[in-house]
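Report on the following structure.
First listed ligand is number 1; within each ligand, the first listed atom is number 1.
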Amino acid sequence: MASTAPFAKMNGIGNEIIVADMRGRADQVTAAAALALNADAATRFDQIMAIHDARTPGTAYYVDILNSDGTSAQACGNGMRCVVQALAAETGQKTFTFETRAGILNAREHADGTISVDMGMPHFGWQEIPLAEEFRDTRMIELQIGPIDAPVLHSPSAVSMGNPHAIFWVDRDVWSYELERFGPLLENHPIFPERANITIAQVTSPESMIIRTWERGAGLTKACGSAACASVVAAARTRRTGRSVNLLTPGGGTLHVEWLDNDHVILTGAAEWEFSGSFDPSTGTWARDTESAA
Ligand SMILES: N[C@H](CCC[C@H](N)C(=O)O)C(=O)O
C-alpha cells in the first residue's frame, strides 16, 4: 500500500470537495480511489482537488481535479476556493498562483474570509468549447430536449471556462425542470464531444440569477462555480444581465461573478472546512483524524 496522504473534506457553498495534499510525492489520486471515496457516504464528493508540487516556475502548486466518476476536469471554481482556504490557514498567505489543466490562475482570500478566484478568460469558438459541428454564433446553439414541437429546454448558450458548459435560459422556476432526467442526456449529447456541464438559468434582474447545474462527471450538485461564471458571461453576451451578477445556487448559497473589462472572470464566495483525515491515493481507503471535528 502506498503511504497515506492528508485530506480535508470541505465544501464551496455546498459543492462537495475533497482537498487532497499530494505535495512531496510523485503519485496521483487514481480513478479507483475517487470511486471508492465517492461510494462512502461520509466522503461523497463532487470534485477532488489534488494539490501537487509546482511544475511551472511562477506558480506555487499544480492542482489536479477529479470528478466523482473518476474523470478529470480542467476547472473547478468552488474547489479552488476550498484549496485557497486550506492553504491560507496553513501558510498565512492570502494570495496564490496555481496551475491547473486549464492553465495558470490567481486566487485571493479577503479579510472577511470570502475567496476570489480569477477563472481566466471565457472561450466562445465552437472548436474551443468544443462542439461537434460548426456554430458561427455560440450565444444560441441548436439543441433541444422534449417533444419536438414543444421542447422543454432548447437553444442553449455554449461557453468554455476551460471546461465545457451549456446554459439553458428558462422563464419558469428552475426547480420545475427535471434536470435529473434531462441532465445525463444533455451531458452526453453527441454535440458535446467532451461531454458538457449543463445549467438551467433563470435571470431575475440585470444583477441576479438563479442557476441549477448537472455537472459533467458528477451529476446534480448544490453549486458549480465554473457554471456560475459561464452563465454570467453567456447572460451578458446575450444582453440578459450586466457583467456583475449574484447567483443563487441550489444549496441556498450565493456566488458573485464579475466579467472584467480585461476579459477575466472573477468568482467570489465562501468555503467551509468539515473534517480532516488521511487516505490512500491508490485505493481510497481512508481514516478520519481523531482530533478532527465530527
Ligand atoms: N464544481 C466545479 C465544476 C466542475 C466541473 C466538472 N464537473 C467538469 O467540467 O467536468 C466548479 O465549481 O467549477
[X] and ligand 1 - part of the residue with a heavy-atom distance under 4.0 Å:
X: Asn67; result: side chain
X: Ala218; result: neither
X: Gln47; result: side chain
X: Ile65; result: neither

Original post:
Residues sharing Ile266's hydrophobic cluster, by side-chain heavy-atom contacts under 4.5 Å among ILVMFWY, directly or via others?
Top reply: Leu260
**OP:** Would you mind checking if Arg81 and Glu109 are paired as a salt bridge, meaning a charged N to carboxylate O distance below 4.0 Å?
**Re:**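 Salt bridge between Glu109 and Arg81, a charged N being under 4.0 Å from a carboxylate O: no.
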Subject >> Electrostatic pair Arg55-Asp64, nearest N-O below 4.0 angstrom >> reply: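 Between Asp64 and Arg55 there is no salt bridge, as every charged N stays at least 4.0 Å from the carboxylate O atoms.
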In ligand 1, which numbered atoms sit nearer than 4.0 Å to a non-hydrogen atom of [X]?
X: Asn78; value: 11 (C), 12 (O)
X: Arg216; value: 6 (C), 7 (N), 8 (C), 9 (O), 10 (O)
X: Asn15; value: 1 (N), 2 (C), 11 (C), 12 (O)
X: Ala75; value: 3 (C), 4 (C), 5 (C)
X: Asn163; value: 5 (C), 8 (C), 9 (O)
X: Ser226; value: 3 (C), 11 (C), 12 (O), 13 (O)
X: Gly225; value: 11 (C), 12 (O), 13 (O)

**OP:** Could you tell me how the ring of Phe192 sits relative to the ring of His189: parallel (under 30°), tilted (30 to 60°) or perpendicular (over 60°)?
**Re:** perpendicular
Original post:
Do Arg108's NZ or CZ and the ring of Phe96 fall within the cation-pi criteria of under 6.0 Å and 45°?
Top reply: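 Output no; distance or angle outside limits.
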**OP:** Determine, for Tyr177 and Arg172, whether the Lys NZ or Arg CZ falls below 6.0 Å from the six-membered ring centre while staying within 45 degrees of the axis.
**Re:** yes
Original post:
Just checking, is any N or O donor in the side chain of Ser282 or Thr30 under 3.5 Å from an acceptor N or O on the other one?
Top reply: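 No, no side-chain donor-acceptor contact under 3.5 Å.
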Original post:
When you measure from atom 2 (C) of ligand 1 to every protein heavy atom, which one gives the shortest distance, and what is it?
Top reply: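 Minimum-distance protein heavy atom for atom 2 (C) of ligand 1 reads Cys76 SG, 3.1 Å.
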**OP:** State which residues pass side-chain contact (heavy atoms from CB on, under 4.5 Å) with Ala158; sequence neighbours excluded, sorted by chain then number.
**Re:** Ile129, Leu131, Thr138, Ile141
Original post:
Do any nitrogen or oxygen atoms of Gly217 lie less than 3.5 angstrom from nitrogen or oxygen atoms of ligand 1?
Top reply: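 It does not: no N or O of Gly217 is found under 3.5 Å from an N or O of ligand 1.
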Original post:
Looking at side-chain heavy atoms only, is the closest gap between Leu105 and Val117 below 4.5 Å?
Top reply: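 In short, these two side chains touch, coming nearer than 4.5 Å.
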